[in-house]
Amino acid sequence: MKKLEDIDKSYFGPRMSDGAGVFVAGFVFLYIFQIVLLLIAELNGINVEKPPVWFNWIMMFVNQAALVSAVAAYSAVSHKRLLEESRITRKLNYKQALIIPVIALASILAFLPLAEGFVRLIYLITKGSPSGGLDIGTKWWEIIISVVFVAVLPAIGEELLFRAGVARGLKRKNYLFAIIMSGLLFSIFHGNAEQTVHQFFIGMVFAYLYFVTGSLLASMICHFANNAFVIIFSAITSSKNVKMSSAVEISMYIGMFVVGIVALYFLLGYIMKLSKDAKYKEKTKYQLNWLKDLSNTLKNLFDDPCDGISLDYDLEKKGAQAENANDQSKYTSQMPANEFNSQNQQTISQNSNNGQNLQKTNKNVNNSQDNQMDKLLEEANLQTIKKRNKFDWYALIAATGISLAVWIINLVAQV
């Protein structure tokens with residue numbers, strides 16, 4: 001029986017530590033790429049404090065290139081096929097594709113009031129003032145190009161990192177845990193207090209769509225629609241200086257929140273129904289209580305082969321025994337017929353000459369040795385599993401701590 005360390009690690013797919021690891025890799029690559037770009041900008045006399053619109057486009061391209069490079073690099077180092085197994089090639093039907101942008105719009109309505117309230121609370125405490133945000137330009141062609149660089153590219157790079165890398169690794173603990181934790185890491189990764197709350201909730205929506213549809217295209221479409229809607233709204237509101245009283249503004253935000261939450265609840269349940277119809281090829285009823293037993297539903301819909309593989313000792317023992325049986329059958333099938341027959345004849349002759357008493361004695365000795373070896377291997381495997389589980393948590397805590405520290409530093413720098 002093999003020890004756990006001897007079994008091909010890629011067979012088990014990404015673990016929690018891989019989700020944390022690819023997240024940290026994204027941080028490292030992002031800052032390296034940004035430092036190089038800023039050095040080039042300084043050498044060419046570009047004002048990075050108030051950069052031109054085209055420099056913002058380049059920055060967005062470099063950021064997403066860094067994230068994709070981080071996923072590719074971590075996959076190569078850890079021997080985990082994150083890009084190949086991202087499910088970016090799994091198609092959506094037209095109903096799913098049409099409903100996803102509506103989900104993005106409902107998410108904006110639901111989460112924008114919460115985000116605005118959090119931002120005002122932060123700057124009330126810190127006595128700071130909100131930043132102007134990303135410059136997307138004022139001309140129509142500048143806005144269109146901004147949509148490409150601010151909506152299309154992040155929908156690719158960030159989804160590969162946070163859904164195919166982080167969320168898929170964290171789901172080995174639990175699907176709900178993966179949705180919540182990946183949303184948290186997604187929000188604080190941006191290092192901006194103004195985006196924290198909205199990115200947290202919308203990040204959970206992205207992960208939910210990824211798991212419920214079984215396709216990375218779903219979260220990519222929602223991510224693109226979310227960013228595109230924000231750009232369009234920003235372009236519209238910036239051209240019109242509309243001032244409202246505090247009472248009207250609060251009433252508007254409350255109305256947006258209620259409408260958005262109700263719509264989002266029904267839309268998320270409906271896309272679960274569509275996903276069930278697409279997978280099981282049969283019409284299912286829309287259930288108002290779709291949140292009930294959500295984790296098992298997502299597990300059935302996402303249908304990752306790694307979900308059926310546990311790292312407990314019993315399955316490792318069965319897998320090793322099956323592997324040994326396969327090796328023995330291959331050896332027997334590859335043996336020449338005359339050699340196989342001669343060995344059988346020799347074995348039969350030897351057994352008959354040794355006698356039954358000697359055969360029983362040898363069998364008892366072999367069984368005793370096998371039992372002792374199994375116990376030793378069982379203890380070694382269990383110890384290895386405990387160490388790996390601890391490492392998973394330590395890696396996730398470290399990754400979260402790093403991102404929180406960067407978030408706080410950026411917040412202090414903005415004040």
Side-chain angles (χ1 to χ4, degrees), residues 19 23 86-88 90 92 95-116 118 150-152 154-168 170-171 174-190 192 194-231 233 256-276 286-288 290-291 294-295 297-299 301-302:
F23 174 77
S86 64
R87 299 195 172 204
I88 194 174
R90 177 167 289 188
L92 302 170
K95 290 184 179 179
Q96 290 172 314
L98 290 176
I99 203 69
I100 289 173
V102 184
I103 291 176
L105 183 59
S107 299
I108 293 175
L109 292 176
F111 306 145
L112 181 61
L114 299 177
E116 185 67 21
F118 178 77
V150 182
V152 176
I156 299 172
E158 293 180 7
E159 290 308 303
L160 283 173
L161 178 71
F162 285 99
R163 257 52 69 179
V166 176
R168 184 164 177 260
L170 297 181
K171 79 171 179 58
N174 183 277
Y175 275 83
L176 296 180
F177 175 80
I179 290 174
I180 296 172
M181 198 66 205
S182 65
L184 176 62
L185 294 176
F186 179 65
S187 66
I188 55 182
F189 181 85
H190 289 77
N192 190 336
E194 298 177 21
Q195 294 180 307
T196 299
V197 171
H198 180 75
Q199 301 292 49
F200 171 61
F201 287 108
I202 197 66
M204 290 197 295
V205 172
F206 294 157
Y208 171 84
L209 292 175
Y210 176 49
F211 291 140
V212 78
T213 62
S215 173
L216 190 64
L217 288 176
S219 59
M220 284 183 169
I221 293 173
C222 193
H223 198 144
F224 164 76
N226 174 80
N227 290 11
F229 285 141
V230 171
I231 291 173
F233 293 158
M256 289 172 57
F257 175 75
V258 172
V259 172
I261 286 293
V262 173
L264 194 60
Y265 182 84
F266 282 98
L267 289 169
L268 294 181
Y270 183 63
I271 198 167
M272 178 182 286
K273 174 190 178 301
L274 294 177
S275 300
K276 288 180 179 179
Y286 176 82
Q287 300 290 335
L288 287 176
W290 59 269
L291 280 171
L294 176 61
S295 186
T297 303
L298 293 178
K299 184 175 181 179
L301 290 174
F302 194 68

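Residue numbers run from 1 in the order of the sequence given. The structure displayed is predicted, hence computed values, not measured ones.
- When the side chain to side chain contact (heavy atoms under 4.5 Å, CB included) test is applied to Pro113, the partners found at least two apart in sequence or on another chain are Tyr253, Met256, Phe257.
- Residues satisfying the side chain to side chain contact (heavy atoms under 4.5 Å, CB included) criterion with Ala218, sequence neighbours excluded, are Leu92, Ile100, Leu209, Thr213.
- For Thr297, there are no side chain to side chain donor-acceptor pair (under 3.5 Å) partners two or more places apart in sequence or in a different chain.
- Every ring-ring contact (aromatic ring centres under 6.0 Å, His included) that Phe111 has, sequence neighbours left out, goes to Phe201.
- Note that the CD1 atom of Ile156 and the CE atom of Met220 stand 6.0 Å from one another [nearest 0.5 Å].
- Counting heavy atoms from C-beta on, the side chains of Leu161 and Phe186 never come closer than 4.5 Å.
- To the nearest 0.5 angstrom, Ser107 atom OG is 8.5 Å from Leu267 atom CG.
- Residues passing the ring-ring contact (aromatic ring centres under 6.0 Å, His included) test with Phe177, sequence neighbours excluded: Trp393.
- Remark: Ile103 CD1 to Ile202 CD1 distance equals 9.5 Å, nearest 0.5 Å.
- Applying the side chain to side chain contact (heavy atoms under 4.5 Å, CB included) test to Ser86 and every residue at least two apart in sequence or in another chain returns Ile88, Leu160, Ala164, Leu216.
- No side-chain heavy atom of Tyr175 sits under 4.5 Å from any side-chain heavy atom of Leu294.
- For Phe224, the side chain to side chain contact (heavy atoms under 4.5 Å, CB included) partners two or more places apart in sequence, or in a different chain, are Val147, Ala151, Val152, Ala155, Ala228.
- Among residues two or more places apart in sequence or in another chain, the side chain to side chain donor-acceptor pair (under 3.5 Å) test is passed with Glu159 by Arg163, Ser219, His223.
- At least one side-chain heavy atom of Leu301 sits under 4.5 Å from a side-chain heavy atom of Lys276.
- The shortest side-chain heavy-atom distance between Cys222 and Phe206 falls under the 4.5 Å cut-off.
- Scanning all heavy atoms of the two residues, the minimum distance from Leu268 to Tyr208 falls at O-OH, 2.8 Å.
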Could you check Ile179 against Leu298 for side chain to side chain contact (heavy atoms under 4.5 Å, CB included), going step by step and ending with a plain yes or no? CA-CA 11 Å; Ile179 290 174; Leu298 293 178; 3.6 Å; yes

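- Here Tyr265 pairs with Trp290 under the ring-ring contact (aromatic ring centres under 6.0 Å, His included) rule; sequence neighbours left out.
- Residue Ile271 holds its CD1 atom at 7.0 Å from CD1 of Ile99, rounded to the nearest 0.5 Å.
- With Asn226 contributing its side chain and Ala104 its backbone, the two residues share no donor-acceptor pair below 3.5 Å.
- Leu291 contributes atom CG, which lies 7.5 Å from atom CE of Met272 (distance to the nearest 0.5 angstrom).
- For Glu116, the side chain to side chain donor-acceptor pair (under 3.5 Å) partners two or more places apart in sequence, or in a different chain, are Arg120.
- Taking Tyr210 as the reference, Phe302 meet the ring-ring contact (aromatic ring centres under 6.0 Å, His included) condition, with sequence neighbours excluded.
- Lys273 pairs by the salt bridge (Lys or Arg N to Asp or Glu O under 4.0 Å) definition with Asp277, not counting sequence neighbours.
- Taking 4.5 Å as the limit, some side-chain heavy atom of Leu288 sits within range of a side-chain heavy atom of Phe266.
- Ser182 places no side-chain N or O within donor-acceptor distance of the main-chain N or O of Phe162, the cut-off being under 3.5 Å.
- Rounded to the nearest 0.5 Å, atoms CG (Leu184) and CE (Met204) are 9.5 Å apart.
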